[in-house]
Protein chains: 4
Amino acid sequence: MTDAKPKWNRRKDARPSEIVDAAMALFAENGFANTKLDDVARRAGVAKGTLYRYFDTKEALFRAVVQHLLTNHLEVVEKAGKAFEGSLAEFVPMLLKRAAQSLGDDRLPGLARVMLAEGRAFPDLAAVWHDELAARMLDLIAGMVAKAQDRGEVRPGDPRLYAFSIIGPISVALLYHEAFGSRADAPDLEALASQHAETILRGMAASIPYQKEPTP
Amino acid sequence: MTDAKPKWNRRKDARPSEIVDAAMALFAENGFANTKLDDVARRAGVAKGTLYRYFDTKEALFRAVVQHLLTNHLEVVEKAGKAFEGSLAEFVPMLLKRAAQSLGDDRLPGLARVMLAEGRAFPDLAAVWHDELAARMLDLIAGMVAKAQDRGEVRPGDPRLYAFSIIGPISVALLYHEAFGSRADAPDLEALASQHAETILRGMAASIPYQKEPTP
Amino acid sequence: MTDAKPKWNRRKDARPSEIVDAAMALFAENGFANTKLDDVARRAGVAKGTLYRYFDTKEALFRAVVQHLLTNHLEVVEKAGKAFEGSLAEFVPMLLKRAAQSLGDDRLPGLARVMLAEGRAFPDLAAVWHDELAARMLDLIAGMVAKAQDRGEVRPGDPRLYAFSIIGPISVALLYHEAFGSRADAPDLEALASQHAETILRGMAASIPYQKEPTP
Amino acid sequence: MTDAKPKWNRRKDARPSEIVDAAMALFAENGFANTKLDDVARRAGVAKGTLYRYFDTKEALFRAVVQHLLTNHLEVVEKAGKAFEGSLAEFVPMLLKRAAQSLGDDRLPGLARVMLAEGRAFPDLAAVWHDELAARMLDLIAGMVAKAQDRGEVRPGDPRLYAFSIIGPISVALLYHEAFGSRADAPDLEALASQHAETILRGMAASIPYQKEPTP
DNA sequence: GATGAATGAGCATTCATTCAT
DNA sequence: AATGAATGAATGCTCATTCAT
């Protein structure tokens, strides 16, 4: 067997990544102040001092976590934008469905929650989060809306506000799950994604939209 | 000596309210962990020890703050519900407009932000917040949607999910302002309220809704 | 008896002073780095946190200690200067004797030792120490030497360097005691003060000095 | 492969010397507590772990540094002693001049400063420093003084105290430079050496000493 | 009741030392 | 022999909580 040495011996390059993973889980779960570096170290399977080889301070670790998450999601957002240059009617359901699915396997909603909490304490981090994720995603959606308006598919109106109309409900529902847990009356995210996609597209449609039945 | 007890002789009953006000402002601004009781005391104009005459722990103070806010808003919500038993088309714009205006003068968005952040740390408080505000408001809206469906005005669909569709965007926009401040590209809340109200009502409408022009 | 309450109750104004005293003893004994705030607190009879009510950081406490000592000694130096405007031959023995006696009851030699050690780490403190104590004392002595030269009592030469000649040996001997303890061969400070005073005054004297007996 | 082991293949015996040099520079500059082994290793051009192949602890390294310095200076002192068995009047100016020149190129004043500071923490090291350097040098000087007294050249008095009178001023001035840097008013060491040598020899002289002018 | 000095558990951070490679 | 990542005990500092006045 090649599993040889049980302790550290494993790829040292992976160490920072293991730490970031552990930290991400704990920050997303407990917030910044309630996360103890002792716990991060324990969860990462290293000693407390080891954290400091890679990150100068707790804050630096938090920043790394946020950056790591943003970097991952940026690509997804960018790609999604290019893939759907055409049809808003296809893009919106896909986007919302994806967001709905992000709850379990993704730390983004959890970290979003924490950023909300600590945004005042880390204004520059909030700015990065905003510039690189929030604003970018809104711009992407607003851009697609604008194009659809040019094609006459969407009613007049501020595309940016439409972007809020599109992603607002699923975002709030995600936070709802984050904050209140998935209790009995928490919304079914996929159902919401599906129903809201249809509803909002209808509402934005130029005339009698998305109506499969031929107008007599 | 009767020389005018220079300090406390004001109604003792008023003290808790001053404390709660001060605490509400600071909790809403900085979150639970980042709020120091020293600051609360200073802002309330009392000594630190005085806080403990009225509240056993920092957490108890936080609970009182949340309860206080909830109590205030409950009445509003309840009344709003009764006042608009009739028309969803009138209720939704009014509701969103009101929410949009709540940003400046109201601590609710700030505290909502904090509840979202600290919900995990205070599950029972989160439960109160949920039961007494979030769920109640959602139920109210969902109830109105259901009635509108009964009247044939709104398309079929889960009324509760429609409720998310209605209040999601303005909620997210409020949080956006809370988190990122009112920077250049932050959405204009009143414009969003107005545009989204129209859009979502259109999207929910049973057929060709809100169309003043008679179909020939 | 009025010794009433055993714990804190005693003049709270004295608290900072008690802390400074305890800190002075420990800093003078162990240096800055080797002094633990836990020990300072224990020695001062207070809790660790109490230190922070009066001093923001360990460094601030150290500064307070140094300032405290300087303030005390400044007065002595100033007065000594005024008292002996006349005679170098009387001033020098008195000064050296006093310095010799400072070993036991005075923390100055100990702190001088520490300042020597930490001067590089606290350049501004070193500057204060220098400006307010070292330079001032040297100036005082140099001034008296210069006057004596004007009166023709002392040979030509740089008065400032004469000042070093006067206080150098006793200073080094004090440090010797500080560093090596009062072991067998450590110099007898009072004897040194007496012998050096006579020797250096002879050496500085314009001609055949201090020679009461007329040369036949 | 024989491709020139890019790293270590230089004489292993030389390594300790490089380490001791680096450590001496840093200890002399920053003191014991403020010197980090990381820095010593970096300055010596080796890895941190390498230090431990040659020195068991930080303290052991410090001892080695002190020993190294002492060994170097012992020879000088011994030789100087033999070379000047005759004349105090020639020896003293030479000794002080040499001490004055030691400031720049020599680590001794710096280490002396540190020994002074850390003497309490390392009593046995202080003992070595004392026995092998301080005491020896004092003995040397005292011995020469005693001989001069036997020859009737120096007035009666404790030779050991005379030794302090001789080297005290230049020692203090060296420490002055060490502690306060060479600021404007720091004494000119060579001038002090010259002036003090003449002054103290005069003061110690049996009668009318060093007087070029013939007594009429 | 009110005060605020005092408390001390809790936590981030440093750095000498170890040890698998 | 040399390396440097990993370790964890030690310590400065914070802040919710207590309590003598």
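Chain letters run A, B, ... following the sequence lines, proteins first, then strands; residues in each count from 1. Side chains are part of it too, since the values below use all heavy atoms of this structure and drop only hydrogens, waters and symmetry mates.
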Item checked: Nucleotide paired to E:dT13 in any strand shown, Watson-Crick or G-U, under 3.5 Å -> F:dA10
Notebook entry, point to check: Between F:dA1 and D:Tyr52, is there an OP1 or OP2 to side-chain N/O distance shorter than 4.0 Å?
Noted result: no
Notebook entry, point to check: For the pair made of OH in B:Tyr54 and C1' in F:dT18, what is the distance, rounded to whole Å?
Noted result: 18 Å
Check: Separation of C:Asn34 atom CG from F:dT11 atom P, in whole Å?
Finding: 9 Å
Check: Taking C:Arg120 for the side chain and D:Glu178 for the main chain, is one N or O donor matched with an acceptor at less than 3.5 Å?
Finding: yes
Check: Given F:dA16, E:dA12, E:dA16, which nucleotide is nearest the side-chain atoms of A:Leu37?
Finding: E:dA12
Checklist line | Length of the line joining C:Glu18:CD and E:dA5:P, which is rounded to integer Å | finding: 15 Å
Notebook entry, point to check: Is it true that B:Glu18 and B:Arg43 make a salt bridge, defined as a side-chain N closer than 4.0 Å to a carboxylate O?
Noted result: no
Check: For D:Thr57 and C:Ala47, take the nucleotide of DNA chain E holding the closest heavy atom to each; which residue's nucleotide lies nearer the 5' end?
Finding: C:Ala47
Item checked: Comparing C:Glu59 and B:Glu59 on DNA chain F - which has the more 5′ nearest nucleotide -> C:Glu59
Checklist line | Spacing of A:Asp38 atom CG relative to E:dA9 atom C1', expressed in whole Å | finding: 14 Å
Item checked: Whole angstrom value for the distance that separates P of E:dC15 from CG of D:Leu26 -> 14 Å
Next item on the list: Please figure out whether A:Arg53 or C:Arg53 has its closest DNA chain E nucleotide nearer the 5' end.
Entry: C:Arg53
Notebook entry, point to check: Considering only side-chain heavy atoms of A:Thr50, which listed nucleotide, F:dA2, F:dT7, E:dT17, is closest?
Noted result: F:dT7
Item checked: Any donor-acceptor N/O pair, A:Lys48 side chain to A:Asp39 backbone, under 3.5 Å -> no
Margin query: Can you measure C:Lys58 atom NZ to E:dT13 atom P for me and round it to whole angstrom units?
Written below: 18 Å
Check: Using purine N1 to pyrimidine N3 plus N6-O4 or O6-N4 for Watson-Crick, or N1-O2 and O6-N3 for G-U wobble, each under 3.5 Å, what pairs with F:dA1?
Finding: none
Next item on the list: Please figure out whether A:Leu51 or B:Asp56 has its closest DNA chain F nucleotide nearer the 5' end.
Entry: A:Leu51
Checklist line | Length of the CG-C1' vector between B:Asp39 and F:dA16, whole Å | finding: 13 Å
Check: Is the gap between the ring centers of A:Phe62 and A:Phe55 under 6.0 Å?
Finding: no
Item checked: Rounded interatomic separation in angstrom, taking CZ from C:Phe55 and P from F:dT14 -> 15 Å
Notebook entry, point to check: Have A:Glu118 and B:Asn34 got a donor and an acceptor in their side chains that come within less than 3.5 Å?
Noted result: yes
Margin query: Would the base of E:dT7 count as contacting C:Lys48 through its side chain, where contact means a donor and an acceptor less than 3.5 Å apart?
Written below: no
